[in-house]
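Structure below; questions to follow.
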Amino acid sequence: MSHHTTRARSASRVLASDPSRSGPDSVRAAKPQEHSANGLARQFRCDTFSRPEFNTHVAGRRFFRSMLGILVSFVTLVPASAELKSSVLTIAGTGEQAATGDGGPGRTAAVAEPYGVEIGPDGALYICEIASSRIRRLDRRTRVIETVLSASPPGEPADDKDAGFSIKQPYEVRFDPEGHLFYVDMPNHVVCRFDRQTRKVSVVAGTLGEKGFAGDGGPADKAKFNKPHSICFDGNDGLLVCDIGNHRIRRVDLKTGRISTFAGTGERGSTPDGAPLTGTPLNGPRALDFDGDHTLVLALREGNTIYTIDLREKTLRHVAGTGEKGYTGDGGPAKEAKLAGPKGVAFGNNGVIYFADTESHTVRLINLTSGLIHTIIGDGKRGDGPDGLERHSRNCRLARPHGICVDKKDFVYVGDSENHKVRQYFPAF
């Protein structure tokens, strides 16, 4: 769930602050030191020549003669072309499928199959755990984790942190402009709203526990979905829902409470580049994100492709994937690359789209300006790391990553689902 610096973002991506550089991970945010001879000379000039005993011509000559050998040796040992590596850290999860550790550091807490991840209006990271039926909050400043919402048995009162509503599998979470939390519960076939003041849950769209396709034109809370998966706000009082089993995107008008089909025909089929939203099939619409202006990004899981949607022109634009399943094309045109079941997408800064290429166990990016595709995490093989600031992010293997979001500094957060961990990607500055 990200973020053009020159345009306003939607409420689903708003940050009250940017604490991502704090804590033990802040070493990546530090500006790299300048290692050239000229840089060292400037440093010594500031630190040393301001002292009175060095403000003479003779002292200056002696100083530079004594430093010459050191500078030459240093430049020889540290070439100017030294590469800065992107890296990955685990910020939540031990690898155990459990829900433990509330009130302590995320790194020592167990998380259970994390899917959707999202930065809330308070700057914290919210994590959907489908195997423990809960949504958790990781404070990005303190790194402390806690449960925000979890399932409570039918007929039993919820405690202060629960909402008295049985969650099965929260797949994705977003926030509206007022800070209320929306989540999609795929096995329950509903989208729900968690009121931040009353801490009560209500159904926004779908009929609890009933699968199907019905309700267009009527009240959203009487409609039926077939495995809703991803949600996002469209910046125009609309909530979009990937209704994957019906091969449609549905739209809930939050002012009127009515639902309609936004895109898709209900049939699997090819999606031509430049096609209109109306009457064009979508093959497994799985994940959505909004850039805060007029563009959506859409991942077609079964179609193994990525599209953008222009909300002004109401058209679909093909940006990545041949439609054939695979893992190829890095460094080349994104449209000629093979993708493997993409299930999470997010806008970054400066015309970049990040996505979780779930079945190749990677996170990849598409540069919309150049049209090229690159892998930023993983090598196409299933695994569990290794991660760490000293290791390159391409060497960190994942296991079926799903959710992904990006903050305004292009730090990427990933639900590494079957490793039961949440990872943070640090780009090479």
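Note that these values count all heavy atoms, side chains included, but never hydrogens, waters or copies made by symmetry. What you see is a predicted model; the values in this text were computed from it and never measured.
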Subject >> Inter-residue atom distance I119.CD1 - K408.NZ, 0.5 Å rounding >> reply: 10.5 Å

Original post:
Is any side-chain heavy atom of D273 closer than 4.5 Å to a side-chain heavy atom of L316?
Top reply: no

Subject >> Aromatic plane relationship, H229 with H402 - under 30° parallel, 30 to 60° tilted, over 60° perpendicular >> reply: tilted

Original post:
Step by step, would you call V297 with Y354 a side-chain contact (heavy atoms from CB on, under 4.5 Å)?
Top reply: CA-CA 10 Å; V297 59; Y354 296 88; over 6 Å; no

Subject >> Minimum heavy-atom distance C232-L296, with the two atoms named >> reply: SG-CD2, 3.9 Å

Subject >> Reported CZ-to-NE2 distance for the pair R312 and H294, which is rounded to 0.5 angstrom >> reply: 3.5 Å

**OP:** Could you give me the CA-CA distance, side-chain angles and deciding distance for R140 and Y413, then say whether side-chain hydrogen bond (donor to acceptor under 3.5 Å, both in side chains) is met?
**Re:** CA-CA 11 Å; R140 292 194 300 155; Y413 301 85; 2.7 Å; yes

Original post:
Can a salt bridge be assigned to the pair R248 and D243 using a cut-off of 4.0 Å between side-chain N and carboxylate O?
Top reply: no

Subject >> Distance, nearest 0.5 Å, that separates CG of D410 from OG of S86 >> reply: 12.0 Å

Subject >> Straight-line distance of K85 NZ to H392 NE2, nearest 0.5 Å >> reply: 7.0 Å

Original post:
So, do P276 and K314 sit near enough that their side-chain heavy atoms are less than 4.5 Å apart?
Top reply: no

Original post:
Can you check whether F411's main-chain N or O pairs, donor with acceptor, with D407's side chain at less than 3.5 Å?
Top reply: yes

**OP:** Assess the side chains of R382 and H361: does a donor N or O sit below 3.5 Å from an acceptor N or O?
**Re:** no

Subject >> Step-by-step side-chain contact (heavy atoms from CB on, under 4.5 Å) determination, L298 to I306 >> reply: CA-CA 6 Å; L298 168 67; I306 306 287; over 6 Å; no

Original post:
Is the backbone N or O of L149 less than 3.5 Å from a side-chain atom of R134, with the two atoms forming a donor-acceptor pair by type?
Top reply: no

Subject >> Close side-chain approach of V252 to L254, heavy-atom, < 4.5 Å >> reply: yes

Original post:
When rounded to the nearest 0.5 angstrom, what distance separates CG in D416 from CD1 in I377?
Top reply: 8.5 Å

**OP:** Please name the residue in the list V204, L288, I231 that meets the side chain to side chain contact (heavy atoms under 4.5 Å, CB included) test with V241.
**Re:** I231

**OP:** Carefully, step by step, assess T315 and L277 under the rule side-chain contact (heavy atoms from CB on, under 4.5 Å).
**Re:** CA-CA 5 Å; T315 53; L277 284 177; over 6 Å; no

Subject >> E210 side chain to T207 side chain, donor-acceptor N/O pair below 3.5 angstrom >> reply: no

**OP:** Could you walk me through whether K338 and Y327 pass side-chain contact (heavy atoms from CB on, under 4.5 Å), step by step?
**Re:** CA-CA 5 Å; K338 292 181 183 179; Y327 174 61; over 6 Å; no

Original post:
Between the side chains of Y425 and S87, does any donor sit under 3.5 Å from an acceptor?
Top reply: no

Original post:
Aromatic ring centroids of F233 and F182 under 6.0 Å?
Top reply: yes

**OP:** Could you go through the salt bridge (Lys or Arg N to Asp or Glu O under 4.0 Å) check for R136 and E146 one step at a time?
**Re:** CA-CA 6 Å; R136 301 174 84 179; E146 62 180 339; over 6 Å; no

Subject >> Charged N-O contact under 4.0 Å between E302 and R286 >> reply: yes

Original post:
Salt bridge between R250 and D216, side-chain N to carboxylate O under 4.0 Å?
Top reply: yes

Subject >> Test item: D291 side-chain N/O and T295 main-chain N/O as donor-acceptor pair under 3.5 Å >> reply: yes

**OP:** Please determine, by modelled atom types, if R174 and Y126 share a side-chain donor-acceptor pair under 3.5 angstrom.
**Re:** no

Original post:
Is there a side-chain contact between Y171 and I130 (heavy atoms, below 4.5 Å)?
Top reply: yes

Subject >> Beyond-backbone contact of F262 with D234, side-chain heavy atoms, under 4.5 angstrom >> reply: no

Subject >> Nearest non-hydrogen partners of T271 and P281, listed with the distance >> reply: OG1-O, 2.7 Å

Original post:
Are any of the side-chain heavy atoms of V191 and L239 separated by less than 4.5 Å?
Top reply: yes

Original post:
Is there a donor-acceptor pair under 3.5 Å between the side chain of S270 and the backbone N or O of P272?
Top reply: no

Original post:
If you look at every heavy atom in A109 and I145, which pair is closest and at what distance?
Top reply: CB-CG2, 3.7 Å

Original post:
Less than 4.0 Å between a side-chain N and a carboxylate O, is that true for D357 and K343?
Top reply: no

Original post:
Do side-chain atoms of D139 reach the backbone of R143 as a donor and acceptor pair under 3.5 angstrom?
Top reply: no

Subject >> I91 and L125, any side-chain heavy atoms less than 4.5 Å apart >> reply: yes

**OP:** May I have the step-by-step check of side-chain hydrogen bond (donor to acceptor under 3.5 Å, both in side chains) for D330 and T375, ending in yes or no?
**Re:** CA-CA 7 Å; D330 260 18; T375 296; 2.7 Å; yes

Original post:
Is T90 reaching over with its side chain to a backbone N or O of A92, donor-acceptor style, under 3.5 angstrom?
Top reply: no

Original post:
Nearest heavy-atom pair of T328 and R364: which atoms, and what distance?
Top reply: O-NH2, 3.0 Å

Original post:
Salt bridge between E178 and R196, side-chain N to carboxylate O under 4.0 Å?
Top reply: no

Original post:
Distance from H318 atom NE2 to K335 atom NZ, nearest 0.5 Å?
Top reply: 7.0 Å

**OP:** Grab the two heavy atoms, one from N246 and one from F225, that are nearest each other, plus how far apart they are.
**Re:** ND2-C, 4.0 Å

Original post:
Any sub-3.5 Å donor-acceptor pair from N188's side-chain atoms to V190's backbone N or O?
Top reply: no

Original post:
Sub-3.5 Å donor-acceptor pair from the side chain of T358 to the main-chain atoms of P401, do we have one?
Top reply: yes

Original post:
Any side-chain donor-acceptor pair under 3.5 Å between S417 and E113?
Top reply: no

Original post:
Between the side chains of R251 and S260, does any donor sit under 3.5 Å from an acceptor?
Top reply: no

Subject >> Side-chain (N419) to main-chain (K421) donor-acceptor, under 3.5 angstrom >> reply: no

**OP:** Please tell me if the side chains of S393 and F426 come closer than 4.5 Å, counting only heavy atoms from C-beta onward.
**Re:** no

**OP:** Return the minimal non-hydrogen interatomic distance between V201 and C192, and the atom names on each side.
**Re:** CG1-CB, 3.8 Å

Subject >> All salt bridge (charged side-chain N to carboxylate O under 4.0 Å, His left out) counterparts of R193, not counting sequence neighbours >> reply: D195

Original post:
Any ion pair linking R397 and D384 (charged N to carboxylate O, less than 4.0 Å)?
Top reply: no

Subject >> SB check D387 R423 (cutoff 4.0 Å) >> reply: yes

